[in-house]
Amino acid sequence: MSNPTIIDTLIHAVGGRENINKVWHCMTRLRFDLVDDAKINQQTIAQLPGVLGAQLQSEQFQVIIGPQVDQWYQQISGDVAAAPQREQPVKAQKGLVSLFMDTVSGVFGPIVPAIAGAGMIKGLLAGFIAMNLLSAKSDTVMVIDLIASGVFWFLPFFLAVSAAKMFKTNEYLAVAVVACLMYPSLIDAAKQLASGAPGAVQAYWFAGILPVSVFNYASSVIPVIFSVLVLSYIHRAVDRIMPQVLRTVFTPTLTLFITALIALVVIGPMGIWLGKGLAWCIQGLFDTSSVLAGLIVGAIRPVAILTGMHHAMTPITLQNFSEHGYDMLMPMMCMANMAIAGATFAIWFQNRHRDDRTVTLSAAISALLGITEPALFGVLTREKRAFIAATIASSIASAFIAFFGVRLFGYILSSIFSLPAYIGPWFPYAITGVLISLILSFSLTLILVRRQPQV
């Protein structure tokens, strides 16, 4: 089949264009919000060339594609947008967990390449400085740092655009609201307050009654997403009551003013404290026992990827980078990916069927490169004991690196090629953790999964 034919078949198999409320994607999956999940023909979808798997998870239908997911998304979104609009039945309200997962995956998925690329540069830079290969005060480091840090400093703008698409509201108004949070006067006041400068302002008072608390929203995540969510409702409400002749000028005026004021007074401070709370909980787990934290995070990571809930960790890691300058969760994510790769390599080693070996080897290599869905959905879901082996290895390897305090200084993809980002004091432990994860998952899989020789 040609690719347009595959796309048409996929759209038809999810119930047709009229059954699609919304479609978006993350790094490897197309994610559908459908009117009626009962119309899904999952068997047809699973047999399409290029489809690695499909599942209905948290009231969201996910089709696993792999690295080519953006090409599929562009064609599908174009076809859906070009379809004539018609009245659709109202779908039952989603639960909080489903809404949270939809939001996180929808907002972060499209911008992961930007933050992953910048994070890799940032991690490598930290490693080179730690090894004294570069002077921290050199012009070269300054230039590299501005290349690496620009994305994270202005992350709220990236999130604003992505969230606006997710919530189907005006992208430029979303950026305008976030620009209020990022205005230099507010950021400078927050820096003075943080430094303990005499006379530093703690809050500005609007009309003498509404406090605009002073916070530095650079690199913030939660305040931005919630502000754009509120914007989407306010924009629709204002547009609905505004006379047609006044909409062009007064709808954006009122929308921006009301939303920005709510963001500055309510959403921003609440989002900052919520983000600090999440990071505090994770840090509390590490403070209690870093080994226990590694065991828990390493154990739940493969299951989280399998269920599509792994994006829930992204705001926490970004909050850690913003709050502490480093993160200890992402190294554990790398251990999980290596464990999945090791278990899949073991299945490939045991398998004697040529076609199966080709598919399994491809999935194992993809896992090494940070794309684990082919291995999980194509191999380990069929081999439950291999999945258990990968989970055990992930947990033990994560506990090992947590004990030695392995950390990253920038957001990167959890790939074998990401190891240079660990260069520095923790590099030997990171390498050892990867070896533990690969070897242990490979060995456990060979022990737990016994195959009869095939001729």
Side-chain angles (χ1 to χ4, degrees), residues 3 6-17 19-77 79-80 91-92 94-113 162 165-167 300-315 333 336-337 340 344 363 366-367 370-382 387 413-414:
N3 204 41
I6 296 175
I7 298 299
D8 288 341
T9 304
L10 176 57
I11 292 175
H12 179 73
V14 297
R17 294 172 175 84
N19 196 42
I20 300 175
N21 270 333
K22 183 167 52 181
V23 58
W24 67 101
H25 72 93
C26 58
M27 285 292 288
T28 56
R29 311 178 192 208
L30 287 170
R31 297 170 180 262
F32 291 89
D33 177 22
L34 303 174
V35 176
D36 185 0
D37 295 334
K39 294 183 178 180
I40 300 171
N41 188 336
Q42 194 162 331
Q43 184 176 0
T44 298
I45 294 172
Q47 293 174 349
L48 288 174
V51 172
L52 303 173
Q55 65 174 1
L56 187 62
Q57 178 67 39
S58 299
E59 302 177 64
Q60 174 192 115
F61 185 61
Q62 304 172 7
V63 181
I64 299 90
I65 304 298
Q68 292 79 32
V69 66
D70 185 61
Q71 301 173 20
W72 288 57
Y73 168 76
Q74 295 298 335
Q75 295 186 60
I76 290 176
S77 60
D79 286 352
V80 172
K91 189 176 181 179
K94 290 188 174 185
L96 289 178
V97 174
S98 299
L99 285 174
F100 174 74
M101 293 311 307
D102 284 2
T103 301
V104 172
S105 62
V107 171
F108 279 98
I111 66 173
V112 162
S162 188
K165 292 180 179 179
M166 179 70 186
F167 301 134
I300 65 177
R301 180 66 182 178
V303 178
I305 300 173
L306 192 65
T307 58
M309 298 181 68
H310 52 300
H311 291 291
M313 301 297 290
T314 304
M333 300 176 192
N337 285 3
I340 292 169
T344 309
S366 293
I371 306 299
T372 55
E373 278 82 356
L376 281 170
F377 289 93
V379 180
L380 299 189
T381 52
R382 298 198 310 262
F387 181 83
L413 292 178
S414 299

Give the C-alpha distance, both sets of side-chain angles, the deciding distance and a yes or no for side chain to side chain contact (heavy atoms under 4.5 Å, CB included) between His12 and Arg17. CA-CA 7 Å; His12 179 73; Arg17 294 172 175 84; over 6 Å; no
Please determine whether side chain to side chain contact (heavy atoms under 4.5 Å, CB included) holds for the pair Phe61 and Ile45, giving the CA-CA distance in whole Å, both sets of side-chain angles, and the decisive distance to 0.1 Å. CA-CA 11 Å; Phe61 185 61; Ile45 294 172; 3.5 Å; yes
Full working for side chain to side chain contact (heavy atoms under 4.5 Å, CB included) between Asn41 and Gln43: CA-CA 6 Å; Asn41 188 336; Gln43 184 176 0; 3.9 Å; yes
Residues Leu30, Leu10; criterion side chain to side chain contact (heavy atoms under 4.5 Å, CB included); working and verdict: CA-CA 11 Å; Leu30 287 170; Leu10 176 57; 3.9 Å; yes
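The shortest non-hydrogen separation linking Ser414 to Met333 is OG-CB, 3.5 Å. Contact record, Phe387 with Leu380: CB-O, 3.8 Å, taken as the closest heavy-atom pair. Nearest heavy atom pair, residue Ala375 against residue Ile340, reads CB-CG2, 3.7 Å. Across all their heavy atoms, Arg301 and Ala336 have their closest contact at CG-CB, 3.3 Å.
Taken to the nearest 0.5 Å, the CG atom of Asp33 stands 10.0 Å off from the CD1 atom of Ile20. Note that NZ of Lys22 and CZ of Phe167 are 7.5 Å apart. Values are rounded to the nearest 0.5 Å.
The main-chain N or O of Ala54 is found under 3.5 Å from a side-chain atom of Gln42 such that the two form a donor-acceptor pair.
When Val23, Asp8, Val14 are each tested for a side chain to side chain contact (heavy atoms under 4.5 Å, CB included) with Ile76, only one passes: Val23.
Side-chain contact between Ile6 and Trp72 is present, with heavy atoms from C-beta onward closer than 4.5 Å. Two residues are said to be in side-chain contact when any heavy atoms from C-beta on lie closer than 4.5 Å; Val51 and Ile65 meet this criterion.
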